[in-house]
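This is a predicted model, so every value here is computed, not measured. Side chains included, hydrogens not; waters and symmetry mates left out as well; all remaining heavy atoms used. Chain naming here is simple, since letters A, B, ... match the order of the sequence lines and numbering starts at 1 in each.
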Amino acid sequence: MTSVTSLTSAVHQRLASALSAALPENADADPLLRRSDRADFQANGILALAKKAKANPRELATQVVEHVVTGDVIRSVEVSGPGFLNIMVTDRAIMENLAARAADPEGRLGVPYAERPGTTVVDYAQPNVAKEMHVGHLRSAVIGDSVVKLLEFTGENVIRRHHIGDWGTQFGMLIQYLDEHPHELDHQSAEVTGEEAMSNLGRLYKAARKLFDSDEEFKTRARRRVVDLQAGDPHTMALWQKFVDESKIYFYSVFDKLDMEIRDEDIVGESGYNDMLAETCRLLEESGVAVRSEGALCVFFDDVKGPDGKPVPLIVQKSDGGYGYAATDLSAIRDRVFNLKADTLLYVVDARQSLHFKMVFETARRAGWLNDDVTAYQLAFGTVLGEDGKPFKTREGETVRLVDLLDEAIERASAVVREKAQDLSEEEIAERGAQVGIGAVKYADLSTSANRDYKFDLDQMVSLNGDTSVYLQYAYARIQSILRKAGEARPAARPDLDLTEAERALGLHVDAFAETVREAAAEYAPHKLAGYLYQLATLYTSFYDKCPVLKAETPEQVENRLFLCDITARTLHQGMALLGIRTPERL
RNA sequence: GCCCCCGUAGCUCAGCGGAUAGAGCAGGCGCCUUCUAAGCGCUUGGCCGUAGGUUCGAGUCCUACCGGGGGCGCCA
């Protein structure tokens, strides 16, 4: 364990001791320590405590102040207002803390691992086979990727699952069509781009759909195919596999554009649970969790009713004997709990599926697959809206292709990079343009809370000023520029120096990185990290403006400020990495 | 009808029961012989949807209502 005790913890500890010394009967009281704009920290806990102990808050606060150990960490503590404590820490404590973070041999800035890490399965980035990816897929992918990284960084054992839509009745239609037109997915050359793969699939899908809707005999043959597929008929499976493989070429190209790692072994689609469906239904029916109703196998809930007031069930098995997606999701839970030994199941899924997951989770609880120790949670995200506040569509009313959106963002960012860059090659412009453009798209998504609807405004996110990813990338690039120009001078913490206001504010904020990461991971809330990083960049930019680094007054101050630059850069880099966003060395 | 989410500056959004509610964009005024102006400083702009309640203290918790979005038997 190489974690560094944060300044907050150090101050908290000293205040808690003082509190218990002043009020022994409330020894475990929380001082409620917060950052403050009136001091480095403020403690709010005394007010509630005074009420409880029937004491005068200000008098109690004064007593607590007398017991606070000052000097090493706390520089001063004073009573303020009705009974708050305002606390200032020493410049030395700030710099020593940062020095310890910089010296972390694991390079993780002294961020502690979770005390009791568990195993979390994160279900995210779930595209559908033979279908184009659109903006809805973007949110699940971007949010899920960041949550995975956050959890892994805290030491959680994370198992990624991409629950792709690779099963269901529409495959009967596709497979039958391919069987009758066997060369539709043939490749012109060995190397096929994702774009070509999707184009092939799209063309085939449309043709198959047209035939399905117009030709009754084809429709019948297609339905028979579904039966063959579920029965595992080898020829049918081989054709099905062609669709999956072709789609994967496309998926990988999109995720590559998103600068996101997707591993083959993490792709376990709906088909992966096919063998478990019958067993899942049997277990539910035998335990009485599910009952037959109108021919279907159903689970009922007291608080789920339809418009007519009648209870609406979760249908596990349809009246025709087929399995719906509830059966698949319930089987996936069994797999993740009993085979993967997960204790937390996280679903990064559209909020519109909340009722479905609520019912699925409740069913799993009744079946005993989930309980107080093994829990499931839907990280629900809102709908992507256009500038008009309606679901994001093109002017013609069609859903927007994800790749088009990403290309547009990259193109606009590249234009700015080219305009600003003095001596970059075309290759470098393309690379930076992608890093800036994709970063902008991701940051826009990750900087607001996931659960609300999300207004997609490319102009705003690629405007490249204000609260966007570029602001953070720019701050990072400026730091790197200084470090490159430092020459002989090396970054070195100088705890004996007095700090300016800008230096103190920056230092205190860098210290808060660990706590922010813990919170963002625990709450599956990347936007808290994004907010922290924006603030960090703001504080750095302010420092940059007020404090000359290379032209500081003394060599010691140059070293100290270089050190502040360096630790800020490392924090920015690490934080951005947890959001899945690159930090170019130059911009 | 029932359930879920949202309602904070003109717009897009933060805001863990704590002091004077914050950012960005947009608007106004300034700042590049000095480490990257994709930047910085100052400034205009708020009955935190409404009404009650809990609390020493409510944008935050509870209840009701209003407005917007979503969901609600065999699609996923």
Requested in this report: Go along nucleotides 3-13 of chain B 5' to 3' and tag each nucleotide: B for a protein heavy atom under 4.0 Å from its base, S when only backbone or sugar atoms are that close, - otherwise.
Outcome: --SSS----SS
**Report entry** Under 5.5 Å and under 30°: A:Y325 stacked on B:rA76
**Finding:** yes
Report task. Go through B:rC72, B:rA38, B:rC40 for me and flag the one nearest to the A:D545 side chain. Result -> B:rC40
Report task. Please check the phosphate of B:rU36 (OP1 and OP2 only) for any side-chain N or O of A:K485 closer than 4.0 Å. Result -> yes
Query - A:F513 and A:Y532 aromatic ring geometry - parallel, tilted or perpendicular at 30°/60° bounds - result: tilted
**Report entry** Euclidean distance, atom CG of residue A:L33 to atom C1' of B:rG18 [Å, nearest integer]
**Finding:** 13 Å
Query raised in the report: Base, sugar-phosphate alone, or nothing: which one does A:N56 contact when heavy atoms must sit under 4.0 Å apart?
Result: nothing
Query raised in the report: Going by the angle between their ring planes, with limits at 30° and 60°, are A:Y347 and A:F361 parallel, tilted or perpendicular?
Result: tilted
Query - B:rG24 versus B:rU44 - spacing of their P atoms, nearest Å - result: 14 Å
Requested in this report: State which residues pass ring pair (Phe, Tyr, Trp, His ring centres under 6.0 Å) with A:Y540; sequence neighbours excluded, sorted by chain then number.
Outcome: A:F543
**Report entry** Over 12 foreign heavy atoms within 6.0 Å of NE2, A:H356
**Finding:** yes
Report task. Choose from B:rC40, B:rA19, B:rA76 the nucleotide whose nearest atom is closest to any side-chain atom of A:Q353. Result -> B:rA76
Query raised in the report: Within less than 4.0 Å of OP1 or OP2 of B:rC72, is there a side-chain N or O belonging to A:K305?
Result: no
Requested in this report: Write down the distance separating the C1' atoms in B:rG49 and B:rG69, rounded off to the nearest Å.
Outcome: 15 Å
Query raised in the report: Less than 4.0 Å between a side-chain N and a carboxylate O, is that true for A:R412 and A:D459?
Result: yes
Query raised in the report: Is A:K546 paired with A:E503 through a side-chain N to carboxylate O contact shorter than 4.0 Å?
Result: no
Query raised in the report: Around A:R365, counting heavy atoms of other residues, nucleotides and ligands shown, do more than 12 lie under 6.0 Å from its CZ?
Result: yes
Requested in this report: State whether the distance check finds a donor on one side and an acceptor on the other, under 3.5 Å, for side chain A:D37 versus base B:rA19.
Outcome: no
Query raised in the report: Between A:K528 and A:E519, does at least one N-O distance fall below 4.0 Å, as a salt bridge requires?
Result: yes
Requested in this report: Could you tell me whether B:rC32 is syn or anti, where syn means a glycosidic angle within 90 degrees of zero?
Outcome: syn
Query raised in the report: Dot-bracket for RNA chain B, 5' to 3', with Watson-Crick and G-U pairs under 3.5 Å, [ ] for crossing pairs and | for other-strand pairs: what is it?
Result: (((((((..((((....[...)))).(((((.......))))).....(((((..]....))))))))))))....
Query raised in the report: If you check the A:L587 side chain, which of B:rC74, B:rA38, B:rG15 turns out closest?
Result: B:rA38
Query raised in the report: Would you call A:K358-A:E362 a salt bridge at under 4.0 Å N-O?
Result: no
Query raised in the report: Just how far, in rounded Å, is C1' of B:rA23 from CG of A:N465?
Result: 14 Å
Query raised in the report: Between B:rC75 atom C1' and A:R223 atom CZ, what is the distance in whole Å?
Result: 13 Å
Requested in this report: Grab the CG-P distance between A:L472 and B:rU36 for me, whole Å please.
Outcome: 19 Å
Query - Listed nucleotide nearest any side-chain atom of A:Y474, set B:rG24, B:rG73, B:rU36 - result: B:rU36
Query raised in the report: Considering only B:rA38, B:rU20, B:rU36, which nucleotide approaches the side chain of A:R478 most closely?
Result: B:rU36
Query raised in the report: Which part of the nucleic acid does A:H356 contact within heavy-atom distance under 4.0 Å: base, sugar-phosphate only, or nothing?
Result: nothing
Query raised in the report: What nucleotide among B:rA14, B:rG73, B:rG18 has an atom nearest to a side-chain atom of A:Q42?
Result: B:rG18
Query raised in the report: With a 4.0 Å cut-off on heavy atoms, is A:E294 in touch with a base, just the backbone sugar-phosphate, or nothing at all?
Result: base
Query raised in the report: Touch check for A:V312, heavy atoms < 4.0 angstrom, all strands: base, sugar-phosphate only, or nothing?
Result: sugar-phosphate
Requested in this report: Calculate the interatomic distance between A:L533 atom CG and B:rA23 atom P; express it in whole Å.
Outcome: 18 Å
Taking only N/O atoms, report every protein-nucleotides 53-62 of chain B pair under 3.5 Å with atom names and distance.
residue : atom : partner : partner atom : Å
B:rC56  : OP1  : A:K51   : NZ           : 2.5

Query raised in the report: What is the nucleic acid contact for A:A477, judged by heavy atoms within less than 4.0 Å: base, sugar-phosphate only, or nothing?
Result: base
Report task. Describe the nucleic acid contact of A:Y471 in one word from base, sugar-phosphate, nothing, applying a heavy-atom distance below 4.0 Å. Result -> sugar-phosphate
Report task. Measure the shortest side-chain to side-chain distance between A:Y273 and A:V268 over non-hydrogen atoms and say whether it is less than 4.5 angstrom. Result -> yes
**Report entry** d(CZ, A:R586; C1', B:rA38) in whole Å
**Finding:** 17 Å
Report task. Determine the contact category for A:G306: base if any of its heavy atoms lies under 4.0 Å from a base atom, sugar-phosphate if only primed atoms, P, OP1 or OP2 are that close, otherwise nothing. Result -> base
Query raised in the report: Counting side-chain heavy atoms from CB outward, which of B:rU20, B:rG73, B:rA76 is closest to A:S293?
Result: B:rG73
Report summary line: To the nearest angstrom, the CG-P distance between A:N128 and B:rA76 comes to 11 Å
Query - Which nucleotide in B:rG39, B:rG73, B:rC35 has an atom nearest any side-chain atom of A:S481 - result: B:rC35
Query raised in the report: Has A:Y544 got its ring stacked on the base of B:rG39, with centres under 5.5 Å and planes less than 30° apart?
Result: no
Query raised in the report: How are the rings of A:Y124 and A:H162 set relative to one another: parallel (under 30°), tilted (30 to 60°) or perpendicular (over 60°)?
Result: perpendicular
Query raised in the report: Of the nucleotides B:rG18, B:rC35, B:rC74, which one has an atom closest to the side chain of A:L550?
Result: B:rC35
Query raised in the report: How about A:D566 and A:F563: do any of their side-chain heavy atoms sit closer than 4.5 Å?
Result: no
Can you give each donor-acceptor pair under 3.5 Å made by side-chain atoms of residues 428-441 of chain A, sequence neighbours left out, with the distance rounded to 0.1 Å?
residue : atom : partner : partner atom : Å
A:E428  : OE1  : A:S425  : N            : 2.8
A:E428  : OE1  : A:S425  : OG           : 3.3

Query raised in the report: Heavy atoms under 4.0 Å, any strand shown: does A:T383 hit a base, just sugar-phosphate, or nothing?
Result: nothing
Query - For B:rG45, glycosidic torsion class - syn if within 90° of 0, otherwise anti - result: anti
Query raised in the report: To the nearest angstrom, how far is A:D467 atom CG from B:rA38 atom C1'?
Result: 14 Å
Which donor-acceptor pairs under 3.5 Å do side chains of residues 379-393 of chain A form with protein atoms, sequence neighbours excluded?
residue : atom : partner : partner atom : Å
A:D388  : OD1  : A:K390  : N            : 3.0

Query raised in the report: What is the minimum heavy-atom distance between A:P584 and A:L587, and which atoms define it?
Result: CG-CD2, 4.3 Å
Report summary line: RNA chain B nearest-nucleotide lookup for A:A351 and A:G295: closer to the 5′ end is A:A351
